[in-house]
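All of these numbers come straight from a predicted model, not from anything done at the bench. Proteins get letters first, then strands, A, B, ... in listed order; numbering begins at 1 in each.
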Amino acid sequence: MDDSMKSKFRELKSIEPEPDQTQGLSSFPEPFKEDWVSNPKPKDPKLSMILVCAHQIRSPLASIQTALNAIHQGYVPGVSGKAMEMIGSLEKKAEQLLNFVNDLLNFGRLKSIEIEKEKEILSMENILSPILEEFRERAEKRHLQFKVEIAKPLPLVFGHSDGLRHLFYNLLDNAFQYTPEGGEVKFFLGLDPTGKAICGEISDTGIGIPSECLPYIFDEFYRAPNVKKRGIEGSGLGLNIVQWVIQSHQGEIKVRSEEGKGSSFWFAFPLGKVMARKQEEEK
Amino acid sequence: MKLTTKARYGLRAMVELGRIYNKEALILREIAERQDIPLKYLEQLIVPLKIAGLVRNTRGTGKGYSLTRSPELITLREIITALEGPLIEVHCSNSSEPCVRRGECAMAEFWSEFQQSIDKYLGSKTLKELVDKQEQMFSEEKRDKKRARMKRKILIIEDDKMLVETMRMILESNHYQTLAAYDGKEGLRLVREFKPDLILLDVMMGTDTEGFHVAYALRRDPEFKNIPILMITAINQEKPYFNYDPKKDREYLPVDKLLDKPVSPDRLLSEVAKFFE
């Protein structure tokens, strides 16, 4: 669990009543109106709107999806034939919609935080290991070659943990999404020659991005026509988040792509004030 | 005369293929998992079975291995011979290298009878007999598991009634007993009354943190503090990155597992089953 989550829970526990053996389970605290899990209130009204809507949609949508899953998998008696077939399509639609809502939430949440205040000293290995684990599994399922090369040891970074997770996750997710079975995804991460920045590259042998689309791929909600034509679903927010994370870490990102051959995203961002911050913390 | 691992594993693979004969084809990994055979071994021993014409490999949709004929028509002799070669080689009558003591040896007749009776025995047993026996044993195991599940009480604390209904259907289809509460207080009351074996707990109910308080309250209570809690929440929006570790993070959030909504039926059942292993 992240330190930020831990401190949230510590706060939450502190309002709990003292253990009282005689009361046992009745010592359940009175409900209180505290906005604990919901997102920070963004100043930007557009973001605020997005967050409120996405939040309200997500929970019921998740139960709709579970219910459709259950019907489609035969847990609910009396559904068959054409109805069952339709339930199957609904299930897929619900999943797409849920993915879209999740993207919206991440987009709104990340963009409304005061990122400088939330940066901390991070180990890249800790951030990457659950992500790489997930993608290794996906690679096996989709019959993709997934090659990972991480220079060791990587120095600590002063950055935003959630932001960096989205950076890696979204770039890998795209690479996997747009690479057909049998293809290859490569992930490289290391230190740039100056030793003051992390640099990395994620490349794939997928469908590629038409050159005329390249200038727009980081735009909000933009999706290239070759992707839409193939019916691959997506929100068009992933790369926008990636670009925002890179910018808020004072880094840069470049893309190279050839339609039909594959894409490659190169990025770099400075380690940040790790040493300065470390010394400060030690004091 | 000792049967090799190849024969034992090979026979197990054939039994598995017998169970699905005429229904589906299995890829090697599936056979390996179902019969607990190391994949590397299986890759080797499938070759002689294929050469002997006992199995075939189909490609394309529904790809995988299947038997070439019904298990009733396959004898154990064919399978074992394919895997091991002749089980007993009697040298007396070996045509390429006849025994020099031939004609004056009292053992010759005995060995030859021995070989014939083993051949006859294996030739009289069909794969089907083993397949049936295996099915019977699996179904007994299933019945025992079902009996065990019927005694398990699961309490669902969740304010979304449709989700509660769905989860109950899924769990009850697997013969668990279920109880439901639509808020934290009611949930704690049912815990006291029924002492469930497992609690499925939502987070955001009346308040954004209600589920957490239910967990804290349960853990404070000496009688109920050991009931496992499976927390199912929609707050963990960011993929697997809440990074909750039930071992390390218990002091912050005392639950045994945290799942992100939506949870598919299969996932729900497999996660629940883990608590009763």
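- By the 4.5 Å heavy-atom criterion applied to side chains, B:Lys261 and A:Thr66 are not counted as neighbours.
- Atoms CG and OH, from B:Leu268 and A:Tyr75 in turn, are 8.5 Å apart once rounded to the nearest 0.5 Å.
- Heavy atoms of other residues, nucleotides or ligands lying less than 6.0 angstrom from CG of B:Asp144 number more than 12.
- Around CE of A:Met86, the count of heavy atoms belonging to other residues, nucleotides or ligands within 6.0 Å does not exceed 12.
- Looking at A:Ile64, both its backbone and its side chain come within 4.5 Å of chain B, counting heavy atoms on both sides.
- Side-chain contact between B:Pro262 and A:Asn69 is absent, with no heavy-atom pair separated by less than 4.5 Å.
- Within a 6.0 Å sphere centred on CD of A:Glu140, other residues, nucleotides and ligands contribute 12 heavy atoms or fewer.
- Contact of B:Ser264 with chain A is made through backbone and side chain together, with heavy-atom distances under 4.5 Å.
- To the nearest 0.5 Å, atom CG of residue B:Leu163 and atom CD of residue A:Gln65 are 11.5 Å apart.
- Proximity of A:Phe9 to B:Thr209: side-chain heavy atoms (C-beta onward) are nowhere separated by under 4.5 Å.
- Heavy atoms from other residues, nucleotides or ligands lying under 6.0 Å from CD of B:Glu135 number more than 12.
- Within a 6.0 Å radius of CD in A:Glu181, other residues, nucleotides and ligands contribute more than 12 heavy atoms.
- In the model, A:Ser63 has a side-chain atom that pairs as donor or acceptor with a side-chain atom of B:Asp160 under 3.5 Å.
- Crowding of A:Met84 atom CE: a count of heavy atoms from other residues, nucleotides or ligands under 6.0 Å exceeding 12.
- Of the atoms belonging to B:Leu171, not a single heavy atom falls under 4.5 Å from chain A.
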